[in-house]
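A short worksheet on the structure shown next.
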Amino acid sequence: MRQSTLFGRTLREAPAEAQTSGHRLMLRAAIARPLAAGLYTWLPLGFRVAKKVEQIIREEQDRIGAQEMEMPVLTPAEVWKQTGRWDALEPITFRTIDHNGREFMVSYTHEEFVHLHAKQELQSYRQLPQIVYHFQSKGRDEARPRAGLLRVREFVMKDAYSFDADQAGLEKSYAAEHGAYERTFARMGLDAISVESDTGAMGGDVAHEFQVLTEAGEDRIAICPNCDYKANLEKASRSIDTYIVAGSELPPPSEIATPSTTTIEALEASLKQPATAFLKTLLLREAKGTLVAVVLPGDRDINEAKLRKVLGTTEVKFANEGDFAAAGSVPGFSGPIGLKVRTLIDRSVDARPYIAGANKRDAHLRNVVSGRDFQGEQVDAHDVREGDLCPRCTVGKLTIKRGVEVGNIFAYGTYYSDKMNATFVGEDGTAKPFFGGSYGIGVGRSVQTIIETHHDDKGIVWPPQVAPFQVHLIALPVNDEDVRSKAEKLVDELERARVEVLYDDRDESPGVKFADADLIGIPLRVTVSARNLKQGQVEIKSRSAAAMEMVPLAFAAEKIAGIVRSWPR
RNA sequence: CGGGGUGUAGCGCAGCUUGGUAGCGCGUUUGGUUCGGGACCAAAAGGUCGCCGGUUCAAGUCCGGCCACCCCGACCA
């Protein structure tokens with residue numbers, strides 16, 4: 001490929017909106033271009049990377065016996081209505097109607113449709129297990145697209161779906177996909193870790209996310225340095241020492257005046273007590289408008305994802321002024337005693353005396369003890385933080401890192417087959433529901449995550465397996481006939497040896513060419529220059545190392561092809 | 001959807017406070033010189049100042065509305 005004819009130019013400066021280093025490099029190196037918020041076009045260089053990433057995913061899916069197929073982007077409403085997701089997904093999906101007024105959704109994902117097909121194609125337990133997958137554009141009207149390709153509104157996802165006769169079979173399929181994911185990400189050069197995750201909108205119980213730790217990520221991951229516990233903060237828990245004080249020996253709650261002291265910070269300052277001495281009582285409103293109170297220690301924050309899961313709701317908001325009166329409380333002075341709403345007590349609240357709001361203006365109560373003075377459902381709804389004890393080994397102190405979720409796997413069991421009446425005939429001759437799982441990988445997100453984690457201050461440093469080209473051959477200067485003819489002969493020899501070469505034949509200064517080579521980040525740089533040809537040599541340099549090597553022109557093609565063949569595939 | 005910010009040439013920005021000729025750098029085009037780390041000289045092209053309305057003799061600048069994009073938060077591959 002001649003660089004002079006490449007569609008897509010490198011940018012010396014990145015557009016101001018690009019924030020993360022991966023986003024800036026993606027734009028500068030002509031990998032992709034924005035079309036609208038959260039919608040991107042792959043330029044030829046980026047598309048070559050995307051295709052290589054896809055191919056790695058494909059090979060690893062095929063290796064575990066999954067079969068590739070393809071389902072449409074446009075999906076009919078009736079099927080979504082069977083599982084209730086037509087309404088549930090309303091806020092974040094793109095929809096349209098055809099000329100007859102029939103409703104369609106730009107596919108958010110394809111569980112409903114693959115179950116429809118499974119029902120038609122898989123009629124007997126003898127045909128199980130099965131895994132099918134496809135690469136398809138998925139549409140998600142994200143409220144906030146972010147950081148280039150990391151969070152977009154239309155993206156190609158590899159989505160695989162497993163069908164098994166029972167739970168044990170599902171666990172096997174799940175484990176097979178888990179293994180395939182580990183190999184897939186390793187081959188792309190991504191150091192992805194498997195973490196426990198919340199099942200979110202997909203339903204089901206068991207789920208793992210594959211997270212690549214990088215500051216550009218938007219998820220927070222708790223990691224135990226002592227054992228193998230790793231979990232998304234939406235799911236993470238912690239070990240808590242039980243702290244019991246005999247209730248009968250303690251004085252009953254007594255009121256203290258706390259004029260205009262409405263926050264934990266203000267209470268700490270005026271009462272000279274640490275945040276842990278207080279109880280925080282949050283009054284919240286769930287999707288249906290029901291009020292609920294959550295009691296937490298003063299130093300703990302609520303984790304909305306965990307709370308939503310506990311409540312089985314899609315949305316949680318803070319209560320408004322009027323809600324406080326209805327709950328028998330006062331904003332700024334809410335406490336757990338005497339509340340007239342459902343009360344949840346976070347498990348990090350100890351059985352010891354706390355200072356809590358009195359539910360009346362300018363007053364708090366001292367010696368408030370959970371279980372003695374107020375009752376509620378015990379839940380886990382607090383945000384785990386740095387330094388908390390690992391819930392698994394109970395001794396490791398959790399660290400918290402940011403990560404990008406490049407893939408996830410769910411075992412949802414019969415969630416969809418029950419709703420859709422998707423069954424097969426079992427060994428005993430009766431209809432049984434499929435046990436299913438789904439397994440996604442975002443292609444574009446993976447590509448940008450590779451950039452986020454493989455670059456230096458000059459540009460991208462592609463892992464060879466996914467690089468847009470294997471060799472970047474630079475002719476210097478290109479208008480020197482001898483240089484040009486020898487460079488082109490070398491390009492030709494390399495291409496015949498099936499090496500992918502980007503040939504920089506542009507009439508540009510050496511500085512521009514080297515800077516672009518560093519920016520684009522092709523693993524091997526070969527320079528054919530007038531200077532080196534005097535000694536009959538060409539220069540070979542790896543993008544990832546400083547050293548360069550001189551090779552006689554006559555052996556260059558063989559040498560370069562040998563290096564390329566030695567790379568992992 | 002809540003909070004914040006930005007829209008001026010392909011990209012990066014100044015000009016707006018205090019209304020009066022739309023500017024700088026990079027890039028692009030032409031000619032010449034140069035050629036191992038983002039060269040130099042000369043000439044040139046390129047703008048409905050996000051959109052609509054208002055105020056004014058006069059609006060990039062002031063006022064109102066809308067739109068787009070970015071960042072933080074809630075959601076996902």
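Letters A, B, ... are given to chains in the order of the sequence lines, protein chains preceding strands, and every chain is numbered from 1.
The base of B:G12 has none of its N or O atoms less than 3.5 Å from a complementary donor or acceptor on the side chain of A:Arg24. Looking at A:Arg33, its side chain has no donor and acceptor atom pair within 3.5 Å of the base of B:G10. Below the 3.5 angstrom threshold, one finds no donor paired with an acceptor across the side chain of A:Glu508 and the base of B:G38. Residue side chain A:Asn408 does not reach the base of B:C76 through any donor-acceptor N/O pair under 3.5 Å, judged by distance alone. For B:G38, its base never sits under 3.5 Å from the side chain of A:Ser509 at any donor and acceptor pair.
Across all strands shown, nothing is found opposite B:G47 as a Watson-Crick or G-U wobble partner with both distances under 3.5 Å. In a base pair of the Watson-Crick type (N1 to N3 plus N6-O4 or O6-N4) or a G-U wobble (N1-O2 and O6-N3), with each distance short of 3.5 Å, B:U18 is matched with no nucleotide. With both pairing distances under 3.5 Å, B:C26 is matched to B:G10 as a Watson-Crick or G-U wobble pair.
Looking at heavy-atom distances under 4.0 Å, A:Asn479 makes contact with a base. Looking at heavy-atom distances under 4.0 Å, A:Asp159 makes no contact with the nucleic acid at all.
Separation of the C1' atoms belonging to B:G12 and B:A59 is 26 Å when rounded to the nearest angstrom. Rounded to a whole angstrom, the distance from the C1' atom of B:U21 to that of B:G3 is 41 Å.
Of the side-chain N and O atoms in A:Arg12, none sit less than 4.0 angstrom from OP1 or OP2 of B:G12. Residue A:Arg144 places none of its side-chain N or O atoms closer than 4.0 Å to OP1 or OP2 of B:C1.
For the pair A:Arg48 and A:Phe469, the cation-pi criterion (under 6.0 Å, within 45° of the ring axis) is fulfilled.
No close placement of the A:His178 and A:Tyr439 rings is indicated, their centers lying 6.0 Å or farther apart. Between A:Tyr174 and A:His208, the gap from one ring centroid to the other is short of 6.0 Å.
Comment: A:Asp301 engages A:Lys280 in a salt bridge, judged by a side-chain N to carboxylate O separation of less than 4.0 angstrom.
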